[in-house]
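Reading through the structure tokens given below for one structure.
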Amino acid sequence: MTLEESHGQEPMPAGQNWMHGAGKALHKLLVSAQRRGCLTAGVYESAKLMNVDPDNVAFCVLATDEEDEGDIALQIHFTLIQAFCCENDIDIVRVTDVAKLAAIVGPNEESGEPRDLHCIVITNPSEDGWKDPALETLNSFCEESRNVNDWVPTITLPE
């Protein structure tokens, strides 16, 4: 009997396919959300948005590179954002490659400057019922991860 069976939890699907599928779904979600104007990038911008309207936040991505691991201020921000997301039932994942995120999201459209991609928030547009299959896939991935006590799973973006 496995630990998951003894606690009434389902084991996560085995293999890299499930993780790769989550990475592809995150890529699709980021592209779709940016096209719709539902993507907010930046630690401070995301925190401000979550504080003003947490019910409108659909998904959160925290991203770091190896050089960010020693940044205590960023880690404190991440801890607070994770706690806020858990308290408000917002699914959240980590990505360990900011460069891949930058390739997907691109620079700030207004200024052309690189964005702070350490935190990205996806919101629900209020004008219509946006049902994105990629968001549903990621919500299922996060739920499965929580079933095995991985509250903020790490996703690898595809090449």
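Nothing here was measured: the structure is a model prediction, and the numbers come from that model.
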(message) To the nearest 0.5 Å, what is the distance between CD1 on I120 and CD1 on I92?
(response)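 Separation between the atoms: 12.0 Å.
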(message) Quick check for you: to the nearest 0.5 Å, what is the distance between C86 atom SG and W151 atom CH2?
(response)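 So the SG of C86 and the CH2 of W151 are separated by 7.0 Å.
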Transitive ILVMFWY side-chain link [X] to [Y], under 4.5 Å:
{"X": "L62", "Y": "L29", "result": "no"}
{"X": "V52", "Y": "I90", "result": "no"}
{"X": "V57", "Y": "V152", "result": "yes"}

(request) Show your reasoning for whether side chain to side chain contact (heavy atoms under 4.5 Å, CB included) applies to L101 and L157. (result) CA-CA 8 Å; L101 273 179; L157 291 168; 3.9 Å; yes
Any heavy-atom pair between the side chains of [Y] and [X] that's under 4.5 Å?
{"X": "L117", "Y": "V105", "result": "yes"}
{"X": "C142", "Y": "V93", "result": "yes"}
{"X": "C119", "Y": "C60", "result": "yes"}
{"X": "I81", "Y": "V43", "result": "yes"}

(request) Go through M50 and C85 one step at a time and tell me if the side chain to side chain contact (heavy atoms under 4.5 Å, CB included) criterion holds. (result) CA-CA 9 Å; M50 285 190 273; C85 288; 4.0 Å; yes
Least distance between heavy atoms, [X] atom then [Y] atom:
{"X": "P158", "Y": "G23", "value": "CD-O, 3.4 Å"}
{"X": "A33", "Y": "I122", "value": "CB-CD1, 3.6 Å"}
{"X": "R115", "Y": "G106", "value": "NE-O, 3.4 Å"}
{"X": "F78", "Y": "A63", "value": "CZ-O, 3.5 Å"}

(request) Apply side chain to side chain contact (heavy atoms under 4.5 Å, CB included) to the pair V121 and L39, showing each step before the final yes or no. (result) CA-CA 6 Å; V121 171; L39 184 141; over 6 Å; no
Is a side-chain N or O of [X] found less than 3.5 angstrom from the main chain of [Y], in a donor-acceptor match?
{"X": "D132", "Y": "A134", "value": "yes"}
{"X": "N139", "Y": "L135", "value": "yes"}
{"X": "D65", "Y": "V98", "value": "yes"}
{"X": "D97", "Y": "T156", "value": "no"}

(request) Could you list all the ring-ring contact (aromatic ring centres under 6.0 Å, His included) pairs where at least one residue sits in residues 48-71, not counting sequence neighbours? (result)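 For residues 48-71: none.
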(request) Evaluate side chain to side chain contact (heavy atoms under 4.5 Å, CB included) for L26 paired with I104, printing each intermediate quantity in order. (result) CA-CA 10 Å; L26 180 58; I104 296 167; over 6 Å; no
(message) Going by ring-ring contact (aromatic ring centres under 6.0 Å, His included), name the residues that satisfy it together with H77, two or more places apart in sequence or in a different chain.
(response)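 H77 satisfies ring-ring contact (aromatic ring centres under 6.0 Å, His included) with Y44 only.
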(request) Taking atom CD of E69 as the centre, report whether more than 12 heavy atoms of other residues, nucleotides or ligands fall under 6.0 Å from it. (result)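 Yes - once you tally the heavy atoms of other residues, nucleotides and ligands closer than 6.0 Å, there are more than 12.
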With sequence neighbours left out, write down each residue that passes side chain to side chain donor-acceptor pair (under 3.5 Å) with [X], or none if nothing qualifies.
{"X": "T40", "answer": "none"}
{"X": "K28", "answer": "none"}
{"X": "D68", "answer": "H118"}

(request) Please collect all salt bridge (charged side-chain N to carboxylate O under 4.0 Å, His left out) contacts where either partner lies in residues 70-91, sequence neighbours excluded, each pair once. (result)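 Every salt bridge (charged side-chain N to carboxylate O under 4.0 Å, His left out) pair that includes a residue of residues 70-91, provided the two are not neighbours, is D91-R146.
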